[in-house]
Amino acid sequence: MLLLRLKFNLALYQVRMRFSAAACMTFTRKAKLLIHPQIDHSVVSDHSAIPIMPSSRPAAVAGTFYPAEPSQLARVVEGMLAQAREALGTGNSDAPPPKAFIVPHAGYRFSGRVAAGAYARLQSAAGTIRRVVLVGPSHRVGVPGIAIPSVEAFDTPLGSVTLDQANMDLLRALPFCAVADEPHAQEHSLEVQLPFLQKLLPDFRLTAVAVGRASTRELADALACVWGGPETVVLISSDLSHYHTYHEGQRRDVQSSRAIVSLAQDRLRSVDACGWRGVNGLLRQAAALGLIPTTLELVNSGDTTGRRDRVVGYGAWAFAPDPAPVARDLDEGDGQKLLEVAAAGVRNAVAGKPVPQVLVSTFSKALRQPGASFVTLTKGGRLRGCLGSLQAFRPLVLDVAERSHSTAVNDPRFPSVEPAELPALHLEVAALTAPAALSFASADELMAQLQPGVDGLIIEDQGRRATFLPKVWEEIREPPRFFARLLQKAGLPADHWSSGLRAWRYQTRRFGAPLVTGRPSISSPRELD
């Protein structure tokens with residue numbers, strides 16, 4: 001009898017384990033999913049209670065954390081965003097949006113207004129942002145590192161949000177990342193952010209990350225994998241202290257805010273914020289990239305609901321590049337270093353190797369600051385490749401390393417550079433000042449503000465965008481032709497004009513030398529006057 005019972009229990013255990021593995025998780029490098037000790041184990045031990053995840057994760061907290069009826073939800077979210085925009089005012093609408101945010105994740109009546117205040121700052125970049133990296137704590141199911149879902153989309157009452165499989169693949173390769181649906185199935189910290197994003201961004205893909213016991217370094221490494229450029233915004237979901245009296249909660253949250261704005265990684269612990277691991281990971285990444293944190297709002301549930309006996313803290317912070325025009329601070333030594341990094345990037349690309357590793361801390365302060373750059377290759381005086389960025393979002397030296405590698409093999413106008421070409425190539429690196437918006441009522445007014453030979457120009461209209469570096473003035477000396485050719489580059493008619501056209505000008509500091517040998521030649525500082 002005992003033998004029969006043992007055989008039956010073994011068979012039942014094997015069935016349960018096979019079902020659980022198929023329905024709930026796939027792990028990389030034999031990572032195990034751990035059940036959080038606060039969860040009722042009797043639920044998860046009964047395989048009949050574990051749902052099979054469909055290709056799309058259904059909304060789990062609609063009707064509790066936010067309205068379940070689509071039109072009501074749309075009204076609520078639009079109303080909070082409208083109030084946030086009104087409170088924000090116009091400000092400097094042409095300043096680049098923050099790269100990352102910390103946002104709260106309680107029910108909308110508790111923290112929705114605070115979250116909306118952060119999201120309103122993305123309005124100016126709504127047409128640019130196409131990828132959202134959303135990181136939040138796993139409240140119900142613990143994992144040893146981080147967990148990403150296997151489904152293809154997350155649903156809310158406002159529709160379906162497609163997951164970014166390219167980013168998921170990058171995270172999946174990390175040794176501390178598990179593919180597991182159960183941590184996401186009932187998790188609210190990510191879901192409550194989605195209706196705001198659906199109302200703000202016309203088209204985006206989501207990278208959803210549930211955080212377990214990952215270290216600060218692991219979280220920073222994960223963020224670095226999917227950091228992207230201006231097309232990507234990073235969101236860390238976290239509330240602050242829990243269940244203190246009003247004034248004690250205030251005191252604790254002010255201390256947490258000071259740690260955040262001073263980029264004091266590892267200062268926050270679980271008693272300070274439920275998403276403390278994600279916050280610490282962001283602080284490490286922000287410090288490495290020179291991002292500047294700003295407190296947007298700091299309140300608690302006593303402020304939003306009136307009940308002050310057991311409050312929960314809510315705050316929002318933005319992380320943006322230092323707006324200082326780094327190009328003005330570069331000297332000849334900086335130029336030599338940039339050319340060395342760019343040459344290494346080109347050589348690596350041609351050899352089929354990855355972007356060269358750059359230890360940012362070993363470079364000058366100017367090269368460590370966020371900067372935008374273009375890298376140009378010429379051969380016999382003719383263009384052989386040119387790619388770059390217009391918005392500073394990472395240290396200038398890192399930007400040059402990436403741009404030089406791409407210029408050699410990814411410029412769609414040219415075939416990849418061959419090894420035999422390297423001795424004949426000339427290399428130029430251009431560091432950009434921050435673009436300044438132009439105000440004009442006609443094409444003539446726009447062109448009258450340009451300094452030929454000095455200003456680069458960015459134009460944007462009808463969803464199209466293009467730029468000419470100041471160097472282009474060497475080929476096109478007349479402003480009308482310069483402007484007409486730029487319109488054509490943007491895919492617009494040469495005589496195009498509309499009242500919706502926007503334009504920015506910027507200057508560059510240029511460094512050039514033969515790719516293989518030679519000292520840099522540096523453009524005159526007068527270009528930056």
Side-chain angles (χ1 to χ4, degrees), residues 84-99 119-130 200-202 229-231 233 291-292 294 318-329 369-374 388-394 396 399 430-473 476 479-480 482-492 496-509 527-529:
R85 293 189 196 101
E86 183 178 356
L88 185 60
T90 55
N92 185 3
S93 60
D94 292 309
K99 175 62 181 178
Y119 285 118
R121 287 165 168 79
L122 292 177
Q123 188 67 53
S124 63
T128 300
I129 296 172
R130 301 184 302 279
L200 269 174
L201 306 179
E231 82 292 338
V233 65
L291 299 183
I292 308 299
T294 302
F319 294 75
D322 187 338
V326 65
R328 300 181 188 276
D329 299 327
Q369 295 301 309
S373 69
F374 271 76
S389 55
L390 293 168
Q391 190 177 105
F393 63 93
R394 58 187 168 191
L396 177 61
D399 198 66
L432 280 61
T433 61
L438 298 175
S439 178
F440 51 89
S442 67
D444 289 339
E445 286 188 16
L446 188 161
M447 288 182 284
Q449 298 179 58
L450 296 179
Q451 305 173 80
V454 176
D455 290 336
L457 181 63
I458 307 166
I459 60 168
E460 181 179 271
D461 198 15
Q462 299 181 3
R464 300 174 181 272
R465 186 180 176 97
T467 188
F468 272 159
L469 295 170
K471 185 177 180 179
V472 176
W473 289 105
I476 310 172
F482 186 91
F483 182 55
R485 289 281 296 276
L486 184 55
L487 287 168
Q488 291 176 318
K489 183 180 179 183
L492 298 167
H496 172 79
W497 172 255
S498 82
S499 59
L501 189 141
R502 304 178 71 199
W504 300 259
R505 68 178 177 184
Y506 59 91
Q507 290 84 45
T508 61
R509 191 72 181 275
E527 291 194 6
L528 303 181
D529 291 342

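No experiment lies behind these values; they were computed from the predicted model shown. Positions are given from 1, in the same order as the sequence printed here.
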| Stepwise, does the side-chain hydrogen bond (donor to acceptor under 3.5 Å, both in side chains) test hold for Arg505 with Gln449? | CA-CA 9 Å; Arg505 68 178 177 184; Gln449 298 179 58; 5.6 Å; no

- Query: Does Lys99 reach the main-chain N or O of Gly229 with its side chain, forming a donor-acceptor pair under 3.5 Å?
  - Reply: yes

Intermediate values then yes/no, side chain to side chain contact (heavy atoms under 4.5 Å, CB included), Val472 and Leu457:
CA-CA 10 Å; Val472 176; Leu457 181 63; over 6 Å; no

*Please check if the side chain of Ser389 supplies one atom and the backbone of Ala372 the other of a donor-acceptor pair under 3.5 Å.*
no

Hits for side chain to side chain contact (heavy atoms under 4.5 Å, CB included) against Ala484, two or more places apart or cross-chain, chain-then-number order -> Ala494

Note: Ala120 and Ala84 closest approach over all heavy atoms is CB-CB, 3.7 Å

Phe482 meets the ring-ring contact (aromatic ring centres under 6.0 Å, His included) criterion, sequence neighbours left out, with Phe468, Trp473

Taking side chain as C-beta onward, heavy atoms only, is Lys471 less than 4.5 Å from Thr508?
no

Smallest heavy-atom separation, Trp504 atom then Pro435 atom, equals CB-CB, 3.9 Å

Heavy-atom nearest pair, Leu200 first then Pro202, reads O-CD, 3.7 Å

So CG of Leu469 and CG of Asp455: to nearest 0.5 Å the spacing works out to 12.0 Å

Rounded to the nearest 0.5 Å, the CG atom of Leu492 sits from the CD1 atom of Ile459 at a distance of 6.0 Å

_Any side-chain to backbone donor/acceptor pair from Asp399 onto Ser373? Under 3.5 Å, distance only._
yes

Ile458 and Tyr506 have their tightest heavy-atom pair at CG1-CE2, 3.5 Å

Side chain to side chain contact (heavy atoms under 4.5 Å, CB included) evaluation trace for Leu487 with Asp461
CA-CA 9 Å; Leu487 287 168; Asp461 198 15; over 6 Å; no

All heavy atoms of Phe483 vs all of Ala443, minimum pair found to be CE2-CB, 3.7 Å

Residue set satisfying salt bridge (charged side-chain N to carboxylate O under 4.0 Å, His left out) with Arg130, at least two apart, ordered chain then number -> none

Before you tell me yes or no, could you show the steps for Phe374 and Thr467 under side chain to side chain contact (heavy atoms under 4.5 Å, CB included), namely the whole-Å CA-CA distance, both residues' side-chain angles and the distance that decides it to 0.1 Å? CA-CA 11 Å; Phe374 271 76; Thr467 188; 4.0 Å; yes

Taken to the nearest 0.5 Å, the spacing of Arg509 CZ from Leu396 CG works out to 12.0 Å

Can you find a pair of side-chain heavy atoms, one from Gln507 and one from Pro470, that are under 4.5 Å apart?
-> no

Note: Leu446 and Ala503 closest approach over all heavy atoms is CD1-CB, 3.7 Å

* For Arg465, look at atom CZ and say whether over 12 heavy atoms of other residues, nucleotides or ligands are found less than 6.0 Å away. => yes

Could you walk me through whether Ile129 and Glu231 pass the side chain to side chain contact (heavy atoms under 4.5 Å, CB included) test, one step at a time?
-> CA-CA 4 Å; Ile129 296 172; Glu231 82 292 338; over 6 Å; no

